[in-house]
Asker: 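Submitted below is the structure of interest, expressed as structure tokens.
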Amino acid sequence: MASKWYQFWRDHGCFVADPQSAKPPYSIVIPPPNVTGVLTLGHVLNNTLQDILARLARMQGKEVLWLPGTDHAGIATQSVVERTLRKQGVIKHRDDLGREKFLEQVWEWKEKHGGIIIQQLKKLGCSCDWTRERFTLDPQYSDCVQRVFVDLYRKGLIYRGKRMVNWDPAARTALSDEEVIMTEEKGHLWHIQYPCLGDNGQPLPGQFVIVATTRPETMLGDEAIAVNPKDERYQKLVGRQVWLPLRNKPIPVIADELVDPKFGTGCVKVTPAHDPADYEMALRHHLPFTVVIGPNGHMTNEGGADFAGLDRMEARQAVVEKLEALHYLVKIEDYVHNVGYSERSHVPIEPYLSEQWFLKYPSVEVSTQAVEKGDIKFHPERWAKTYGHWMHQLKDWCISRQLWWGHRIPVWYRKDKNGDGSHPDARSPQTASGSPQPGQDVWCDLLPPPDPENWTQDTDVLDTWFSSWLWPFATLGWPEPNPTLHKFYPTADLVTGPDIIFFWVARMIMAGYEYMGQKPFGNVYFTGIIRDKQGRKMSKSLGNSPDPLDLIAQFGADALRFGIMRSAPLGQDLLFDDQQVELGRNFCNKLWNACRFRQMQSGETEDEINPALLTNDDKWILLRLDAAIREITTALAEYHFSEAAQVIYRFFWSEYCDWYIESSKATLNGADAAQKANTLAVIDFVLSHTLRLFHPFLPFISEELWQGMGFNQELPENQGGQTIMYAHWPKPFDEAFLTNYGLDASVDRLISEKHELIGQGRNLRRENSIASNKKVKFIFKPVAAWADREAEVLKLLLNAEPLVIDAQFTPQKGTPTVRSPLGDLFLPLEGLIDVDAEKARLTKELAKTATEIERSEQRLNNPAFTQKAPPAVLEDHRKRLAEWQEKQQRVQAALEALNR
RNA sequence: GCGCGGUUAGCUCAGUGGAAGAGCACUACCUUGACACGGUAGGGGUCACAGGUUCAAGCCCUGUAUCGCGCACCA
């Protein structure tokens, strides 16, 4: 059924956005998933939300563009392909193939596996405009990326320099600060003593400086010991030298403010090439940068022959053993500290000195203000603070990656100037005049230099986020002015996870202002993160992430969507459980069967509801429908998706099915043809509205029923005739409608009382152990005239046979009784009554009324309350007290009757 | 260390100052002509704790505890 309708929608171009349309625009760009990725529950949550927004907007008469696509996910994709080729024995390392051949392999992989996730999104029912699908490595898109690079370079915002960066030794590339995950870890603090040297360069017996370190292997690259200049303990030492064990060379003791005298021994070892803080210190004190850990995470020759080639973790062990053997190791303490891990490779990050490209963020001020002032709204709002905090302490973004898969940096270096392979520091901005000038040594432009044989291109590619931050406009045909860009930028809503607020959201805002002069989106809805039942993040290694396609196969796409929506709290993490999907499945089943019930009814149908023939139940369900329309519409406008789903559930199951359908059977099983036809008209009215309200959540089943029930038949093609997708979103009833059909609040009250009476009557059966399928005699003594149809309803819902309406009835002593504002209901059971049980029931009831009355009276007797509370509230409480008192009397009377 | 969240029924969560709610689970009964992926009735909560504001607090304020998440160059 699902694939049939999906194909139907696509065949009829229902998802395609028309930039020429006169309708107001509504647009969303999808957060592009990794092209070689597969669908996760996170995607399900995220894309269901977008689909709901898109489908709602269409029904509300907007011209909708939901633009889909994927990103190339540099590191992830490249390492997957490389690993696969290695496993197949094709290569040992990508160098074996070379850049060009390797990239061919990646493209091949992308053609084969890319787009799986796109197919999965289709299974989920996503109404994306597939004619506009984009990929971040599409030629036009790549052109945008280069254009932006060149522009920022010329503006002096992009520069190249040798810096200490976060190095991923597994992927062998630099990362941005955002890609480092700090993890608290149990480690050790190794205390190492360095012998002090006298003026003659010889060790002073018994004199040592003790330093504490979490990374003993880096001591091989130490170039100094640092102390705080104000630290009196060590002032004598400053300017002298100490002996670096294992490397056997003297290093100076320097004074630097950075050292905290209160921490550890107050002495710090300084490893300029392997620690960001030490790097800064080394610059200040002109220390050499000795690289002892190479880009692959193994020790270099610089660290000494004993350790060269060892992995950094092996080296740690070896260094500690050696230090211990030579009595340089003083003690080892347990220590909890933070270790940075690569977000991608999950290996510890290595601070590494290398030549990289950096970006000073553009349009920072306007982007910060946009969120602060509410021009861009975050939902939930609290994320605005996280955003603001980050924006106020921006550090330059390391945008170069030592990968092959991605956008290659459009910079060329003149060969003869750099024969040794090192490049000039391009840190200083180019002249702002535009194109590269003849005679330059660095060429940065969209096109390669005219004499390529004299140049070599920079080998690095750009961070994937450096392409995706352009997504909201680069996908719409920028930089060429065109109708799509004009109509749909800025986009309306963005739906994404708070985990990429810095990676993506913030950067898109800056790019939007810098290149479009306008915000990229008006609202950002941040979803929660999906976790398993135990609250753990979904992960491949834990294997706790169910495959959404399995869930779809088992329960259906609508069920998955609804189950997730109903339980996804606003901005809160979501603990996923199959039961939620099961609930969705059950709901779809209920909807299906309720419609089947309608179809099984024979007889004439009226198109128009005749107000004169409306029963109170009819009026009631229309009022409840009106409430549901209001609540769902409001909830969706406020991005309260789970609330909307809950209203859908409540209205349809608890109100329509549980009460209205059951009551309507009194009419439908009766003989009054006109009445029957009118009730069917009400049912059709309610169902046709219900299906439309449900459509954004349950696209497939709502379409199936919409057409199957024939609700499309008399509607214009483009307003629901062809598909429910374009049926009008229900509007709350207006005054004229309410008046015409006699819908007022008194109906609500009357029906509530009736439901209450029926509930209590059923309870009587239960208390007296009468099986629910057993027909039993009830007598109802109404306070006012009681219509025949209402008698039928009572009879049906109480499963009474017979139901006697007797306004004069006097019960025998001990007859179980419900006393209600509508009248008294008796369950006459000759000689069968358990008087004690009945007494117990009524006594309990009486106790409850007493408690309530006491509470109410207490409040109403408080002069402070009666004086200060608003009149409406006061009136409410008075009414409530009266109701409880009335009930108390009724129960009291019943109890007394038992005692007579 | 700073910041942001959470703490309500056995579980997952709603509840944005005026009678403690839903789904699941649980108990009992019921295969009755839409639905057992169902129906009916029921049991179950000192709203983390302590103060405060208010006529009125799950909700507002101040602390505390606890769990989680960010940010931060303490070796």
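Worth knowing before you read on, the calculation uses all heavy atoms, side chains too, and leaves out hydrogens, waters and symmetry mates. Each chain gets a letter, A, B and so on, in the order the sequences are listed, and its residues count up from 1. Please read all numbers here as calculations on a predicted model, not as lab measurements.
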Asker: Need to verify one output field. Residue with the more 5' nearest nucleotide on RNA chain B, Tyr649(A) or Arg880(A)?
Answerer: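 Per heavy-atom nearest nucleotide, the more 5' residue is Arg880(A).
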Asker: Under 4.0 Å between any heavy atoms, over every strand shown, what does Phe555(A) touch: base, sugar-phosphate, or nothing? Just pick one.
Answerer: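 It contacts nothing in the nucleic acid.
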Asker: Is Tyr279(A) touching bases, backbone alone, or none of the nucleic acid, heavy atoms closer than 4.0 Å?
Answerer: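 If one applies the 4.0 Å heavy-atom cut-off, Tyr279(A) turns out to touch nothing in the nucleic acid.
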Asker: Taking the nucleotide of RNA chain B with the nearest heavy atom to each, does Gln579(A) or Thr386(A) sit closer to the 5' end?
Answerer: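 Looking at the nearest nucleotide for each, Gln579(A) comes out on the 5' side.
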Asker: Check every strand shown and say whether Arg855(A) touches a base, only sugar-phosphate, or nothing at a heavy-atom separation below 4.0 Å.
Answerer: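 Result for Arg855(A) = sugar-phosphate.
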Asker: Does the structure show a Watson-Crick or G-U wobble partner for A25(B), both distances under 3.5 Å? Name it, or say none.
Answerer: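 The base-pairing partner of A25(B), which may sit in any strand shown, does not exist here.
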Asker: Quickly work out the Glu333(A) CD to A75(B) C1' distance and round it to whole Å.
Answerer: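 Those two atoms, CD and C1', are 12 Å apart.
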Asker: Does the side chain of Tyr335(A) get closer than 4.0 angstrom to OP1 or OP2 of A75(B) through an N or O atom?
Answerer: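 Yes.
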Asker: Hunt down the Watson-Crick or G-U wobble partner of U66(B), both distances under 3.5 Å, from any strand shown, or write none.
Answerer: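 Base partner found: G6(B).
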Asker: As an exercise, state the distance from CD1 of Ile192(A) to SG of Cys267(A), rounded to the nearest 0.5 Å.
Answerer: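 These two atoms lie 12.5 Å from each other.
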Asker: So, is Arg859(A) close to the U54(B) phosphate, meaning a side-chain N or O under 4.0 Å from OP1 or OP2?
Answerer: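 It does not, given that no N or O in the side chain of Arg859(A) lies less than 4.0 Å from OP1 or OP2 of U54(B).
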Asker: Give one of base, sugar-phosphate or nothing for Pro498(A), where a contact means two heavy atoms less than 4.0 Å apart.
Answerer: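 Nothing: the residue Pro498(A), judged by heavy atoms under 4.0 Å, touches no strand.
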Asker: What is the distance from CZ of Phe562(A) to P of C24(B), rounded to the nearest Å?
Answerer: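 Going from CZ in Phe562(A) over to P in C24(B) covers 12 Å.
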Asker: With a 4.0 Å cut-off on heavy atoms, is Ala594(A) in touch with a base, just the backbone sugar-phosphate, or nothing at all?
Answerer: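 Ala594(A): base contact, heavy atoms under 4.0 Å.
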Asker: Which one is paired to G38(B), where only Watson-Crick or G-U wobble pairs with both distances under 3.5 angstrom count?
Answerer: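 When the pairing criteria are applied, C30(B) turns out to be the nucleotide that pairs with G38(B).
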Asker: How many whole angstroms separate atom CD of Glu184(A) from atom P of C69(B)?
Answerer: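 Those two atoms, CD and P, are 11 Å apart.
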Asker: Can you sort out the partners of Glu280(A) under salt bridge (charged side-chain N to carboxylate O under 4.0 Å, His left out), two or more places apart, ordered by chain and number?
Answerer: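 Residues passing salt bridge (charged side-chain N to carboxylate O under 4.0 Å, His left out) with Glu280(A): none at all.
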Asker: Can you tell me if Glu854(A) and Thr851(A) form a side-chain donor-acceptor pair at under 3.5 Å?
Answerer: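 Result is no, nothing qualifies.
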Asker: Kindly determine whether Phe694(A) and Phe587(A) satisfy ring-ring contact (aromatic ring centres under 6.0 Å, His included), including the steps that lead there.
Answerer: CA-CA 11 Å; Phe694(A) 292 5; Phe587(A) 185 71; 5.7 Å; yes
Asker: How would you list all residue pairs meeting ring pair (Phe, Tyr, Trp, His ring centres under 6.0 Å) that involve residues 850-874 of chain A, not counting sequence neighbours?
Answerer: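 Only Phe865(A)-His877(A) qualify under ring pair (Phe, Tyr, Trp, His ring centres under 6.0 Å).
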Asker: Can you check each nucleotide of nucleotides 35-42 of chain B against protein heavy atoms at under 4.0 Å and return B for base, S for sugar-phosphate only, - for none, in 5' to 3' order?
Answerer: B-BSBSSS
Asker: So Ile661(A), base contact, sugar-phosphate only, or nothing? Heavy-atom distance under 4.0 Å.
Answerer: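 Here Ile661(A) touches the bases of the nucleic acid.
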Asker: With a non-hydrogen cut-off below 4.0 angstrom, is Leu258(A) in contact with a base, only sugar-phosphate, or nothing?
Answerer: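 Counting heavy atoms under 4.0 Å across all strands, the contact made by Leu258(A) includes a base.
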